[in-house]
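Working notes, structure below.
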Amino acid sequence: MSGNDRIRVVIADDQELVRAGFAMVIGSQPDMDVVGQAGDGGRAVALAERLHPDVVLMDVRMPGMDGIEATRRIISTDTSTDTDDAGAVAGSGTSDAGDETPRAHATRVIILTTFDLDEYVMAAINAGASGFLLKDTEPETLLNSIRTVFRGDAVIAPSATKRLIERMFADGRASGPATGTAAADHASAGSQTPDDSDGSDASNGSDAHARPVYTDPELELLTDREREVLVEVAHGLSNQEIADKLFISLPTVKTHVAHILAKINARDRVQAVVFAYDNRLV
């Protein structure tokens, strides 16, 4: 496989042994290259700006700049770069010491977390991460997730999805990224409209955390089948698992997912999960 076809990966983790383990797994694949490693968020941002990798595996807790802020900076910088240089052509892989390498699409970030770090999941989504995995994930799952994100999709560990939804229910509110044209207004007005709730959802007796009754207008654009698919996406199912459960073909599922993301103005499946929760589909 030529260098232009290989997935270029940067690994950011403050534990050298963890980085070495991930690098060994990724480096064993014929379609992937580890082009850089970082032990803190600041270094990860610098490598991403210079090397323009396809995927960054990002730890959350690191000294100095943490993984959430590093993700936010990588995504914001990368988005502006793509806007200015939309015609860039992906280059061949380079080492940590190589020159800046342009590529044809945005750098995507996968957050790596543990069960104890689930409180950072929503912050990671807000920062623009294309997904998150648990650090004890199987190597094959990690590799497939990198390929999935490289193709422009997103990944969410099913167990983490369940914990994410449970946490949002416990909080009585959603703090996810804006999806849908009215989502930003909803996010800013949510704490100002306590009358929208009967108070039964209040957390610790405070109306400030009551979840307002709200339906994003983009929800009405979805067909019944698309809503059904969106619910399964929110439950953390893969496209193949959705196809098996709904007795439809894999290409059909992919088409539905593409239509859903376009209709709700979501960047990827991660934002689709938040949209599904915001609109009480799960």
**Request:** Identify the heavy atoms of Gln37 and Leu47 that sit nearest to each other, and give their distance.
**Result:** O-CD1, 3.3 Å
**Request:** Mind listing the closest non-hydrogen atom pair of Val9 and Ile146 along with its distance?
**Result:** CG2-CG2, 4.2 Å
**Item:** Residues Leu57, Asp13; criterion side-chain contact (heavy atoms from CB on, under 4.5 Å); working and verdict
**Value:** CA-CA 8 Å; Leu57 297 182; Asp13 194 291; over 6 Å; no
**Prompt:** Looking only at heavy atoms, what is the nearest atom pair of Ile110 and Ser145, with distance?
**Reply:** CD1-O, 3.9 Å
**Leu142 side, atom CG; Ile26 side, atom CD1 - distance, nearest 0.5 Å** = 5.5 Å
**Message:** Does Val253 form a side-chain contact (heavy atoms from CB on, under 4.5 Å) with Glu232? I'd like the steps, not just the answer.
**Reply:** CA-CA 11 Å; Val253 174; Glu232 302 307 333; over 6 Å; no
**Prompt:** Just wondering, do Val18 and Phe22 contact through their side chains at under 4.5 Å, heavy atoms?
**Reply:** yes
**Prompt:** Any donor and acceptor pair, going by atom type alone, linking the side chain of Asn279 with main-chain N or O of Leu281 inside 3.5 Å?
**Reply:** no
**Asked** Is there a donor-acceptor pair under 3.5 Å between the side chain of Asp216 and the backbone N or O of Leu219?
**Response** no
**Asked** Would you say Leu246 and Arg225 make side-chain contact, with heavy atoms under 4.5 Å?
**Response** yes
**Request:** Drop me the distance from Phe132's CZ to Met58's CE, to the nearest 0.5 angstrom.
**Result:** 15.5 Å
**Request:** For side-chain contact (heavy atoms from CB on, under 4.5 Å), just list the numbers for Thr223 and Lys263, CA-CA rounded to whole Å, side-chain angles, deciding distance to a tenth of an Å, and then say yes or no.
**Result:** CA-CA 10 Å; Thr223 65; Lys263 288 181 179 180; 4.2 Å; yes
**Prompt:** Are any of the side-chain nitrogens in Lys135 or Asp59 under 4.0 Å away from the carboxylate oxygens of its partner?
**Reply:** yes
**His256 side chain reached by Ile242 side chain, heavy atoms, under 4.5 Å** = no
**Prompt:** Where the side chain of Arg147 meets the backbone of Asp31, is there a donor-acceptor pair that is under 3.5 Å apart?
**Reply:** no
**Item:** Leu143 versus Met32, closest heavy-atom pair with distance
**Value:** O-CE, 3.4 Å
**Same cluster (ILVMFWY, side-chain, under 4.5 Å), Leu261 and Val231** = yes
**Request:** Indicate yes or no for a side-chain donor-acceptor contact from Ser76 to the backbone of Arg73 under 3.5 Å, with no hydrogens or angles considered.
**Result:** yes
**Heavy-atom closest contact (Asp66 atom, Glu69 atom, distance)** = OD1-N, 2.9 Å
**Asked** Atom OG of Ser249 and atom NZ of Lys254: how far apart are they, to the nearest 0.5 Å?
**Response** 10.0 Å
**Item:** Between CD on residue Glu241 and CG on residue Leu237, distance to nearest 0.5 Å
**Value:** 4.5 Å
**Item:** Distance, nearest 0.5 Å, that separates CD of Glu49 from OG1 of Thr77
**Value:** 5.0 Å
**Request:** Evaluate the side-chain contact (heavy atoms from CB on, under 4.5 Å) criterion for residues Val233 and Ile260: first the C-alpha distance (whole Å), next the side-chain angles of each, then the deciding distance (0.1 Å), finally the verdict.
**Result:** CA-CA 11 Å; Val233 169; Ile260 290 167; 5.7 Å; no
**Request:** Using a 4.5 Å cut-off on heavy atoms from C-beta on, say whether the side chain of Asp40 contacts that of Asp14.
**Result:** no
**Message:** If you define the side chain from C-beta out and look only at heavy atoms, does anything of Leu230 sit under 4.5 Å from Phe275?
**Reply:** yes
**Complete:** What one should report as the nearest heavy-atom pair of Val149 and Ser130 is CG1-CB, 4.0 Å
**Asked** Are there more than 12 heavy atoms of other residues, nucleotides or ligands under 6.0 Å from atom CD of Glu16?
**Response** no
**Asked** Which value, rounded to the nearest 0.5 Å, describes the distance between Arg227 atom CZ and Glu220 atom CD?
**Response** 5.0 Å
**Message:** I'd like to know if the side chain of Arg6 reaches the main chain of Pro30, judged simply by a donor and an acceptor atom lying under 3.5 Å from each other, with no hydrogens or angles considered.
**Reply:** yes
